[in-house]
Amino acid sequence: MRHTIFLSLLLATATTAVTTTAMAAPRDYAAAVAFKGRPAEAMAMDAGRKPAEILDFMQLKPGMKAIDVLTGTGYYAEIMAQVVGAGGSVVAFEPQAMIDAKAKTDLDALAAREPNFRLTTSLPAALTPNTYDFAMIHLNYHDFYWESEKYHFPRIDPNMVLASLFRAMKPGGIVSIVDHVGPAGDTRAIVEKLHRIDPETVKADFKRAGFILEAQSDLLKTPSDDHTKIVFDPAVRGKTDRFAFRFRKPA
């Protein structure tokens, strides 16, 4: 029953061309990261996340209509709002159960700063067909394999999530995935223990949903990371080995 309720709240093969990309110049994206008024707490994470380079690689452009899935406190949503500008828009999704007092304060402040930003706690209302040019799932795709009684986050089906996302993307739309590299094996068990995911699992999931893996980047590769450590371990937190994939819905 909880599974059905959560899904109602959360949701309503082409040839793959893969390239490995070295660090690209951020070009127009640097200003979107360094704008006056951006919270210091968010800016402190930039060195480890390289948002200007990532969004350059992912090809977010002015005027796009974008969605940030599982936005947290809006780290990427605000930068995306700056990039797409007044001619574009950003919808950010976060389940109501995950929005604590601090997150609410941060997201309310973000909405006040960015007129083209809108928060939703209902993904079905946001994932209307043929709507988005760009979607971001940053460090959270693995959570579709996670479940938590404590946080009212029951087991869900990633295939259903991606089917809804596929329908919501415009033809040619881009989905940006950044996540923590995990070992191969039982995906749900690995996510529960480490909050990591095998990159090959992500590739297979998106291929099954109909997306093309257009490119992958080593921008956030960290060879020294121990893939057997949970991502919250102080030894690796903020310094994990991460993959960056650019998927595209066929035009």
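If you're wondering where the values come from, they're calculated on a predicted model, not measured in any experiment.
Residues passing the salt bridge (Lys or Arg N to Asp or Glu O under 4.0 Å) test with Arg118: none are found, sequence neighbours excluded. Taking Asn130 as the reference, nothing meets the side chain to side chain donor-acceptor pair (under 3.5 Å) condition, with sequence neighbours excluded. Under the rule for a salt bridge (Lys or Arg N to Asp or Glu O under 4.0 Å), Asp100 has no partner lying at least two apart in sequence or in another chain. Judged as a salt bridge (Lys or Arg N to Asp or Glu O under 4.0 Å), and not counting sequence neighbours, the contacts of Lys229 are Asp233. Shown here are the salt bridge (Lys or Arg N to Asp or Glu O under 4.0 Å) partners of Arg38, two or more places apart in sequence or in another chain: Asp46.
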What pairs of donor and acceptor atoms, side-chain ones from residues 86-96 against any protein atom, are under 3.5 angstrom apart with sequence neighbours left out?
unit_1, atom_1, unit_2, atom_2, d
Glu94, OE1, Thr71, N, 3.1
Glu94, OE1, Gly72, N, 3.0

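With hydrogens and angles ignored, the 3.5 Å screen pairs no side-chain donor or acceptor of Asp133 with any backbone N or O of Ala66.
Checked against the 6.0 Å centroid threshold, Tyr132 and Phe134 do not count as a close aromatic pair. Checked against the 6.0 Å centroid threshold, Phe153 and Phe144 do not count as a close aromatic pair. The aromatic ring centres of His180 and His195 sit 6.0 Å or more apart.
Hydrophobic clustering places Leu220 together with Met80 (ILVMFWY residues linked when any side-chain heavy atoms are closer than 4.5 Å, directly or through intermediates).
Note that the OG atom of Ser217 and the CZ atom of Phe243 stand 12.5 Å from one another [nearest 0.5 Å]. In this structure, Leu213 CG and Lys207 NZ are separated by 10.0 Å, a value rounded to the nearest 0.5 Å. A distance of 15.5 Å separates OH of Tyr76 from CG of Leu70, quoted to the nearest 0.5 Å. Rounded to the nearest 0.5 Å, atoms CD1 (Ile174) and CE (Met58) are 9.5 Å apart. Here Thr228 contributes atom OG1 and Ile190 contributes atom CD1; the two are 11.5 Å apart, rounded to the nearest 0.5 Å.
Classification of the Phe211-Phe166 ring pair by plane angle, with boundaries at 30° and 60°, yields perpendicular.
Between Lys50 and Asp56 no salt bridge is recorded (no basic side-chain N to carboxylate O distance below 4.0 Å).
Checking each of Thr240, Asp179, Asp225 against Arg196 for a side chain to side chain donor-acceptor pair (under 3.5 Å) leaves exactly one that passes, namely Asp225.
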